[in-house]
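So the structure is just underneath, and the comments pick up after that.
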Amino acid sequence: MTRCTVLPIFAVLFYRDSFKTMKNETNDLETLRHSSAHVMAAAVCRLFDSVQLDIGPSTDDGFYYDFDLETRITPEDFERIEAEMNQIIEEDLPFECITVSRDEAKEILKDQKYKLERLADVPEGDAITFYSCGEFQDLCRGPHVESTGKLRAFKIMNVAGSYYRGHETNPMLQRLYGTAFTNPKQLRLYMKQVEEAKKRDHRRLAKDLDLYSISEKVGPGLVHWHPKGARIRSIIEDFWKKEHFKNGYDILYTPHVGKANLWETSGHLDFYKEGMYAPMDVDGQEYFIKPMNCPFHIEIYKSGLRSYRELPLRWAELGTVYRYEKAGTLHGLFRVRGFTQDDAHIFCTQEQIEDEVKEVIRFCNMIWKTFGFTEVKAYLSTRPEKAVGEPAQWDQATKSLEAAIKAEGLPYEIDEGGGAFYGPKIDLKVKDAIGREWQTSTIQFDFNLPERFNLKYIGDDGEAHRPYMVHRALLGSLERFFGILTEHYAGGFPVWLAPEQVRILPLSDDQLEYADEVLKALQQAEVRATVDSKQGKLNGKVKNAQLDKVPYMLIIGGKEQESNQVAVRHRLKGMKGECRLEEFIAQLKKEELAKTTVDMEVSD
RNA sequence: GCCAGCGUAGCUCAGUGGCAGAGCAACGGAUUUGUAAUCCGUUGGUCGUCAGUUCGACUCUGACCGCUGGCUCCA
């Protein structure tokens, strides 16, 4: 039931306060960007024939304009569009506003079919305004900068298709994206940030570091974890399980397929069938691969008569599910078709919900901090128009969610009416090392499934009662979480997660034997280590270890062999001097235990 | 699913209607090395797949598969 592959929020690209602006400056920037959109549209109209205009708003990191035109704009066109924009800026054309009657507006827009429809959206009685710069005129509410000469720094970023008004059934327009800043320096900083994000792309890093792959032969969106990626995942899973046991959860394992009837009862076949893999026939019965774990956990709940004395039940599972995601939506590890949710379901009484929710939020926050995500923000979604369950239940559940956020001291926003039909929820967003926000944990009440599956427990009054059910995914999916983590650390995993913690670099073949002794000692101490026994100079070995982002290198030459020591080189801090191996191991173990993440790089 | 772009060696990428290329990696040899690339050599390809046009297709056309950027979707 929990949804765990949600696109990253790339909009928030600002980091290290570089672009922190006051409120009115933000408005100025929005105006500037909106004006840039007009200038871009003006340039496109000059360069291309019969352009149908739609709209060109500012966005969080720039602006866009939607057009319909015969010619397909490609990145090769960007340069001449930018040149034309510069020409318009050079001309320093004033932005002039005119107010017209509806009939006059219709006359002006008689050849602009999308604009005419947009005009129809302007409520009767509202002023209809046009802004012009030179020959270009656009139905627009404004405001704008005084003249085109005010634009100082802009860039066309990319072009993509976009449905008119965002509806799948509407024609597809061409959307030209750009960005603009008040000065070239800020634009350069922004471009640097975009570059930084590109360098951190987990798909690139995963190839460089040999973490995972997706095979065309096997199928899109199906992830193969390579030894190094699998090692990291295994460490994450071990940590995850241990923490769950420590926090009062039990772990479950459930099947990967279930009969059609199960999915009919759960309602998935009614509401979610297009998201499920096609059924298979087994002995004349239809079976579906699971897109969610909830029905199985519910079946375990129903395997016996439950007493209020057993509640709350907290059941977690690393449950692998398969969902048919549309082809065009797949993206590295962020959006896949087969993934493992770190799912949990809590069954409890009404009296318990507040404490339970509080615990879940605390638990989530603690886990995120451990992985080095210090900024966590909550989004509370309340009852939508169409909803199941009693309003009183919704109220109480919503209140308990809000109380839990407050108890944990998290900043939060409320999305009124944004909840699922089956219950209110909290989504957590975390900020990564370069300030991007990722939606991750989700905590959702469910007033639907307990009803559909007729869940009960016997209360202290001897009567049957309906338990409360809460879905919870903490990391979301292991695949997506691993992608986020890779980008967060820029591939430089901290010691406690690094698949290879130590690489031993013998200076020459004379040290191979000693290197092997050191390796065995490290292995005995459960340190993940390898020896670079290849031919070549130390230079090259250091370089390769650096590229593989191994946290520690142990250089072993004649000197070290003689003194029975190792020379320690840290990936980011360089040489740390020589010491006895036991000392190094003790230090490493300390770092591993502390799960230190302070040595993260901001850029490579 | 929709719009656009792309698909050449393990990786990064050149290239042309007429014998398939480089760097790195891998492998072999030389070197025995002190903190981000030692030298020499060798191997490596159904140019995404299938059809069509052509005397001849990696190149042109079409369909399909996959990837990328968006849009839509994410009970």
Side-chain angles (χ1 to χ4, degrees), chain A residues 1-7 10 64 66-68 71-77 157-177 198 201 203-204 207-208 210 213-221 263 266-276 291-292 294 323-332 334-337 384 386 388 419-423 439 442 444 446 448-449 505-512 534-548 553-560 567-571 574-576 578 604:
Chain A
M1 194 69 55
T2 48
R3 178 65 225 181
C4 65
T5 45
V6 183
L7 282 181
F10 277 118
Y64 66 81
D66 284 350
F67 313 93
D68 197 0
T71 329
R72 293 293 157 198
I73 296 175
T74 68
E76 284 82 67
D77 298 317
M157 302 297 286
N158 60 348
V159 60
S162 164
Y163 295 113
Y164 173 55
R165 286 178 188 267
H167 285 296
E168 222 175 340
T169 47
N170 284 344
M172 181 143 291
L173 308 178
Q174 297 190 67
R175 177 172 294 179
L176 206 46
Y177 285 93
K198 223 180 250 172
D201 190 314
R203 295 166 301 181
R204 176 73 257 152
K207 227 170 213 177
D208 292 343
D210 197 16
S213 64
I214 291 171
S215 158
E216 197 175 316
K217 195 164 187 172
V218 175
W263 306 108
S266 71
H268 287 103
L269 279 180
D270 276 346
F271 294 100
Y272 195 68
K273 193 167 185 189
E274 70 286 358
M276 293 167 72
M292 287 165 192
C294 337
R323 297 180 184 177
Y324 173 73
E325 300 285 357
K326 285 185 187 173
T329 64
L330 301 173
H331 177 101
F334 290 157
R335 191 83 176 257
V336 291
R337 285 186 176 161
K386 278 190 176 174
V388 299
F421 75 87
Y422 49 79
Q439 186 178 323
T442 177
Q444 312 190 350
D446 192 328
N448 184 40
L449 289 181
L505 311 181
L507 198 62
S508 76
D509 289 354
D510 293 342
Q511 285 82 41
L512 278 181
K534 276 181 281 194
Q535 297 181 329
K537 291 170 98 167
L538 183 60
N539 260 346
K541 294 185 183 186
V542 168
K543 179 180 166 113
N544 286 332
Q546 286 290 142
L547 288 178
D548 290 343
M553 285 157 249
L554 296 183
I555 288 101
I556 287 176
K559 257 193 307 185
E560 287 74 22
V568 182
R569 187 185 204 279
H570 187 270
R571 184 173 76 88
M575 279 311 291
K576 294 183 82 176
E578 289 158 28
D604 251 307

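Chain A is the first sequence line, chain B the second, and so forth, proteins listed ahead of strands; every chain is numbered from 1.
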Euclidean distance for C1', B:rA20 against B:rA9 (whole angstrom): 10 Å
Nearest of B:rU32, B:rA75, B:rG66 to any side-chain atom of A:Phe421? B:rA75
Do you know which two heavy atoms are closest between A:Ile73 and A:Val159, and how far apart they sit? O-CG1, 3.6 Å
Cationic N near anionic O, under 4.0 Å, A:Glu325 to A:Arg337: no
Using the rule given for side-chain hydrogen bond (donor to acceptor under 3.5 Å, both in side chains), can you reason through A:Thr169 versus A:His167, listing the C-alpha separation, both sets of side-chain angles and the distance that settles it, and then say yes or no? CA-CA 5 Å; A:Thr169 47; A:His167 285 296; 5.5 Å; no
Can we say A:Glu168 and A:Lys326 salt-bridge, meaning some charged N sits less than 4.0 Å from an Asp/Glu carboxylate O? yes
Separation of the P atoms in B:rU68 and B:rG29, to the nearest angstrom: 41 Å
Quick one: label A:Gly540 by what it contacts on the DNA or RNA (base, sugar-phosphate, nothing), any heavy atom closer than 4.0 Å. sugar-phosphate
Would you measure the distance from the C1' atom in B:rC58 across to the matching atom in B:rC39 and give it in whole Å? 35 Å
Could you tell me the separation between the CG atom of A:Asp201 and the P atom of B:rG69, rounded to a whole number of Å? 7 Å
How far apart are the C-alpha atoms of A:Asn539 and A:Lys543, what are their side-chain angles, what is the distance that settles it, and do they pass the side-chain contact (heavy atoms from CB on, under 4.5 Å) test? CA-CA 6 Å; A:Asn539 260 346; A:Lys543 179 180 166 113; over 6 Å; no
With rounding to whole Å, what would you report as the distance between B:rG41 and B:rA22 at their P atoms? 12 Å
Look at all strands and tell whether A:Tyr177 reaches a base, only sugar-phosphate, or nothing, counting heavy atoms closer than 4.0 Å. sugar-phosphate
Given side chains that start at C-beta, do those of A:Leu554 and A:Leu505 come closer than 4.5 Å, heavy atoms only? no
Between B:rG48 and B:rA26, how far apart are the P atoms? Round to whole Å, please. 26 Å
Taking only side-chain nitrogens and oxygens of A:Arg175, does any of them come within less than 4.0 Å of OP1 or OP2 of B:rA4? no
Ignoring the backbone of A:Leu507, work out which of B:rU33, B:rA36, B:rC11 is nearest its side chain. B:rU33
How would you label the contact of A:Gly166 with the nucleic acid (heavy atoms, under 4.0 Å): base, sugar-phosphate, or nothing? sugar-phosphate
Checking base pairs now: Watson-Crick or wobble, both atom distances under 3.5 Å. What partners B:rU42? B:rA26
What I want to check is whether an N or O donor and acceptor connect the side chain of A:Gln535 with the base of B:rA30 at under 3.5 Å. yes
Quick one: is A:Arg72 getting a side-chain N or O under 4.0 Å of the B:rA4 phosphate, OP1 or OP2? yes
Please determine whether any donor N or O and acceptor N or O are separated by less than 3.5 Å between the side chain of A:Asp510 and the base of B:rU32. no
Between B:rU35 (P) and A:Glu578 (CD): distance, integer Å: 13 Å
From B:rA75, B:rU35, B:rU68, pick the nucleotide closest to the side chain of A:Arg203? B:rU68
Please give the nucleotide sitting opposite B:rC13 as a Watson-Crick or G-U wobble pair, both distances under 3.5 Å, or none. B:rG21
pair_partner(B:rC71), Watson-Crick or wobble, both distances < 3.5 Å, evaluates to B:rG1
Taking the P atom of each, how far is B:rC73 from B:rC2, in whole Å? 16 Å
Going by purine N1 to pyrimidine N3 plus the second Watson-Crick contact, or the G-U wobble pair, all under 3.5 Å, which nucleotide sits opposite B:rC6? B:rG66
Checking all strands, does A:Arg569 fall into the base, sugar-phosphate, or nothing category for heavy-atom contacts under 4.0 angstrom? base
Please tell me which of the listed nucleotides, B:rG1, B:rG69, B:rU35, lies nearest to the side chain of A:Asn158? B:rG69
By the 4.0 Å heavy-atom rule, please label A:Ser162 as base, sugar-phosphate, or nothing. sugar-phosphate
Examine B:rC67: is either OP1 or OP2 under 4.0 Å from a nitrogen or oxygen in the side chain of A:His331? Give yes or no. no
Please tell me which of the listed nucleotides, B:rG34, B:rG66, B:rC3, lies nearest to the side chain of A:Met172? B:rC3
Plane angle bin for A:Trp263 and A:His268 - parallel if under 30°, tilted between 30 and 60°, otherwise perpendicular: perpendicular
Establish whether the base of B:rC71 is bridged to the side chain of A:Arg165 by a donor-acceptor pair shorter than 3.5 Å. no
What interatomic distance, in whole Å, is found between P of B:rG18 and the corresponding atom of B:rU61? 16 Å
Atom C1', compared across B:rG1 and B:rC19: separation rounded to whole Å: 44 Å
Residue A:Glu216, side-chain heavy atoms: nucleotide from B:rG69, B:rG66, B:rC71 that is nearest: B:rG66
Nucleotide nearest A:Ser508 when distance is taken to its side chain, options B:rG69, B:rU33, B:rG34: B:rU33
Regarding B:rG1, can its base be found pairing with the side chain of A:Tyr163 as donor and acceptor, where the two atoms are less than 3.5 Å apart? yes
Non-hydrogen side-chain atoms of A:Tyr163 and A:Leu173 separated by less than 4.5 Å: no
Using Watson-Crick geometry (N1-N3 plus N6-O4 or O6-N4) or G-U wobble (N1-O2, O6-N3), each under 3.5 Å, B:rU31 is paired with none
Nearest to the side chain of A:Lys543, heavy atoms from C-beta on, is which of B:rU35, B:rC73, B:rA37? B:rA37
Among B:rC11, B:rC3, B:rG66, the one nearest any side-chain atom of A:Lys207 is B:rC11
Could you tell me how far apart A:His167 (NE2) and B:rC3 (C1') are, to the nearest whole angstrom? 18 Å
Whether A:Arg204 contacts B:rU12 is assessed here as follows: a side-chain N or O lying under 4.0 Å from the phosphate OP1 or OP2. Is that the case? yes
Value in whole Å for how far the P atom of B:rA4 lies from CZ of A:Phe67: 17 Å
Side chain of A:Glu560, base of B:rG34: donor and acceptor closer than 3.5 Å? yes
Would you name the heavy atoms of A:Tyr164 and A:Asn170 that are closest together and state the gap between them? O-ND2, 2.7 Å
So A:Lys541, base contact, sugar-phosphate only, or nothing? Heavy-atom distance under 4.0 Å. nothing
Decide, for B:rC58, between syn and anti: a glycosidic angle within 90° of 0 counts as syn, anything else as anti. anti
Please work out if A:Lys534 contacts a base, only the sugar-phosphate, or nothing of the nucleic acid, heavy-atom cut-off 4.0 Å. sugar-phosphate
